[in-house]
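Note: hydrogens, waters and symmetry copies are ignored here, and every other heavy atom, side chains too, is used. Chain letters run A, B, ... following the sequence lines, proteins first and then strands; every chain starts at 1.
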Amino acid sequence: MRLSKNFTHTLRDAPADETSRNAQLLIRAGFIYKEMAGVYTYLPLGLRVLENIKQIIREEMDALGGNEIAMTALQNKETWQASGRWNDDVMDVWFKTKLANGSELGLAPTHEEPLTKLMKQFISSYKDLPMYPYQFQIKFRNELRSKSGLMRGREFWMKDLYSFSRNRAEHDEFYEKASEAYAKVYERLGLGDITYKTFASGGSFSKYSHEFQTISDVGEDIVYVHEGRRIAINEEVYNDEVLADLGITRDELVEKRAVEVGNIFTLGTKFSDALDLNYTDEDGKQAKVFMGSYGIGPSRLMGLLAEHFSDDKGLVWPEAVAPAKVYLVQIGKKSLGVADELYEKLMTNGVEVIYDDRDERPGAKFADSELLGIPYRVTVSDRLIDDKKYEFTARSNGETELLTEQELIARLD
RNA sequence: CGGGGUGUGGCGCAGUUGGUAGCGCGCACCGUUCGGGACGGUGAGGCCGUCCGUUCAAAUCGGAUCACCCCGACCA
């Protein structure tokens, strides 16, 4: 991407109505635009980050055997009445609206009901099971109070996967695999060290559900971390019974504030009962499909990554999600052609480059390269061009080396 | 939803005892600059969130309302 062709600009000052670090940095850097409280537009650079996060999740879901789909945001009333969740007293985050003919509609806050209904059309035999459809979608939740930039929005991205299994045993096996896949996602995002599988309240079909909680001051949850076992207990189930279950004593745990970055839940037959999702088993008998749900919020993760990977100069994206690998700074007139060639060469090699070809002074380019948080900066300047050297700087630690073109290309391979 | 705070050019802010808006950044043009957000000059851009009221006169006073932020409650 040539910066001269990018319509967004950076801001020196963050908007005063944003106090969360993630929103301030992402808005200053031109990654997102605030539409209203808890509702943000993803601009070109921000969209790249969001898509990179989604792609990591997608790869892990596909590895689990997931089938990606894209469901609708508009929801009809009848589907939700079957489970009782159309009622505002049961589900209090609905955005509801009406068709021109007066019939009621809702904007989906989650998708258990419509997906269960959808799967009725395709599941009729044990041979159709297990199946794991999933999607990335914008969810709408009429939160009483949105907060902290991307961390809690009224419109946000979610990956939701649902498992449809023949029975409890088959479900439990998948549930474990899904848990491992989630751990891999956080590992790849660079959050592995501070993310804990956390015991949380379950439902009718399981004593616990599991959350993935990332330790962070911006978190809304309190968890009790057992560092040795790499697990945590959500404060909502922090009691003697649970401690006994897990064979843990209070003095082994440390209280921490954390962000819920994922949640896996055994639904059992709650929704297959409500919507009558059955299959014929090997003996020709009818049985209920056993379900689970597995959610991750890519937009919340983007906010958390911005919070966690940043310093006084701006963002510091992990390579896995950065909008580009290299920020190419060109200084002077003589070296312009060399920089153009290097840009083309790197792009041809499959290296994502943000080329700062703007008519700006070096200081502005350096400052923006840091604000945007691109992992590596390559400087091509008149000063170095006669020696055919390129300056290579890592955003994470600021270390700079002078490299030849060959060394540079090898380094970025 | 309870409590607190804030609304003035794209962003950050100032505006005194009411007299019809100003600064910095950014933007446009000219010149000088050019390795850490340059300098000088010229210029564009705002009916001061909205509505009602008080007044000869309202960004400023009163009321209502909307929006945004923070704390709390809430969070399949």
Side-chain angles (χ1 to χ4, degrees), chain A residues 7-20 23-24 27-30 33-40 75 80 83-94 106 108-113 115 139-149 151-154 156 158 160 162 200-204 209 211 218-221 234 236 259-260 263-267 270-271 274 291-295 297 300 313-314 329-336 356 358-372 377 379-385 389-391 393 398 400 402:
Chain A
F7 72 82
T8 64
H9 302 291
T10 56
L11 287 174
R12 212 180 275 244
D13 302 303
D17 70 352
E18 291 282 9
T19 54
S20 71
Q24 286 194 340
I27 290 172
R28 278 188 60 209
Y33 170 81
K34 182 190 208 147
E35 202 64 44
M36 60 182 101
V39 180
Y40 294 89
Q75 300 291 309
W80 290 80
S83 68
R85 291 208 295 177
W86 181 255
N87 189 329
D88 290 336
D89 296 333
V90 178
M91 180 88 92
D92 63 1
V93 292
W94 274 112
T110 177
H111 279 83
E112 283 84 359
E113 282 84 347
L115 184 55
K139 305 291 187 194
F140 299 92
R141 294 189 185 179
N142 199 351
E143 301 277 359
L144 253 39
R145 179 187 166 204
S146 64
K147 57 179 286 198
S148 308
M151 307 301 287
R152 176 175 288 280
R154 296 202 167 93
F156 60 96
M158 181 184 272
D160 43 333
Y162 302 89
S201 56
S204 326
S209 67
E211 295 167 345
V218 293
E220 296 180 304
D221 294 340
N234 192 306
E236 68 189 17
V259 175
E260 184 185 339
N263 173 261
I264 62 177
F265 203 98
T266 297
L267 298 172
K270 179 177 175 184
F271 295 96
M291 294 171 56
S293 70
Y294 312 80
R300 175 180 281 183
K313 290 175 177 168
V329 172
Q330 189 275 321
I331 300 172
K333 294 218 164 60
K334 263 197 315 188
S335 59
L336 189 56
D356 195 342
R358 300 172 302 171
D359 182 22
E360 289 286 347
R361 296 169 63 85
K365 295 187 178 189
F366 291 146
D368 276 346
S369 78
E370 282 150 354
L371 177 59
L372 299 195
R377 179 171 77 213
T379 307
V380 176
S381 78
D382 290 4
R383 184 196 284 184
L384 302 167
I385 206 62
K389 286 287 176 69
Y390 302 86
E391 198 174 87
T393 307
T400 295
L402 283 182

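- Using modelled atom types, one finds no donor on one side chain facing an acceptor on the other under 3.5 Å when comparing A:T400 with A:E391.
- In this structure, A:E112 does not pair ionically with A:K270, as no charged nitrogen and carboxylate oxygen lie closer than 4.0 Å.
- You'll find that the side chain of A:A16 is closest to B:C13, out of B:G37, B:C34, B:C13.
- Among the protein residues, A:P109 comes within range of no part of the nucleic acid, since none of its heavy atoms lies under 4.0 Å from any strand.
- No contact: A:R154 has no heavy atom under 4.0 Å from any strand.
- Closest to the A:K147 side chain, of the nucleotides B:G35, B:C71, B:A76, is B:C71.
- Residue A:S209 holds its OG atom at 11.5 Å from OH of A:Y294, rounded to the nearest 0.5 Å.
- Atom CG of A:D17 and atom P of B:C13 are 10 Å apart (whole Å).
- The side chain of A:R361 places no N or O atom within less than 4.0 Å of a non-bridging phosphate oxygen (OP1 or OP2) of B:G37.
- With B:C69, B:C25, B:G35 as the choices, the nucleotide that has an atom nearest any side-chain atom of A:K34 turns out to be B:C69.
- The side chain of A:L144 sits closest to B:A73 out of B:C70, B:A73, B:U33.
- Of the listed nucleotides (B:C34, B:C11, B:A76), B:C11 has the atom at the smallest distance from the side chain of A:P15.
- Between A:L11 atom CG and B:G12 atom C1' the separation is 10 Å, expressed in whole Å.
- How far NE2 of A:H111 is from CG of A:D160: 6.5 Å, rounded to the nearest 0.5 Å.
- In this structure, A:T19 and A:S293 both approach RNA chain B, and ranking their closest nucleotides by distance from the 5' end singles out A:T19.
- For B:U55 and B:G19, the C1' atoms lie 12 Å apart once the distance is rounded to whole Å.
- With rounding to whole Å, A:E35 atom CD is found 14 Å from B:A67 atom C1'.
- Residue contacts shown for A:E112 are absent, as no nucleic acid heavy atom lies under 4.0 Å away.
- Rounding to whole angstrom units, CD of residue A:E370 and C1' of B:G36 are separated by 8 Å.
- Of all nucleotides listed (B:C68, B:A76, B:G35), B:A76 comes nearest to the side chain of A:M91.
- The nucleotide B:G53 finds its pairing partner in B:C61, both defining distances of the Watson-Crick or G-U wobble pair being shorter than 3.5 Å.
- One C1' atom belongs to B:C13, the other to B:U6, and the distance between them is 13 Å to the nearest Å.
- Nucleic acid contact class of A:L384 (heavy atoms, under 4.0 Å, all strands): base.
- Contact annotation for A:S83: no contact, since no heavy-atom pair falls under 4.0 Å across all strands.
- With a cut-off of 3.5 Å on both pairing distances, the Watson-Crick or G-U wobble partner of B:C23 is B:G12.
- One atom, CD of A:Q24, and another, P of B:G12, lie 10 Å apart when rounded to the nearest Å.
- Going from the P atom of B:C61 to that of B:G72 covers 32 Å, rounded to whole Å.
- Here the separation of B:C1 from B:C75, taken at their C1' atoms, is 14 Å to the nearest Å.
- Separation of the P atoms belonging to B:G7 and B:U16 is 13 Å when rounded to the nearest angstrom.
- For A:K333, whose side chain is taken as the heavy atoms from C-beta onward, the closest listed nucleotide among B:C34, B:A76, B:C75 is B:C34.
- With both ends at atom P, the span from B:A57 to B:A38 equals 49 Å, rounded to whole Å.
- A gap of 12 Å separates the P atoms of B:C51 and B:A59, to the nearest Å.
- Between A:D13 and A:F271, the one whose closest nucleotide on RNA chain B sits nearer the 5' end is A:D13.
- Nucleic acid contact for A:D382: none, since no nucleic acid atom lies under 4.0 Å from a heavy atom of the residue.
- Nearest nucleotide to the A:R145 side chain, out of B:A73, B:C68, B:C34: B:A73.
- Distance from the side chain of A:T10 is smallest for B:G37 among the nucleotides B:C69, B:G37, B:C27.
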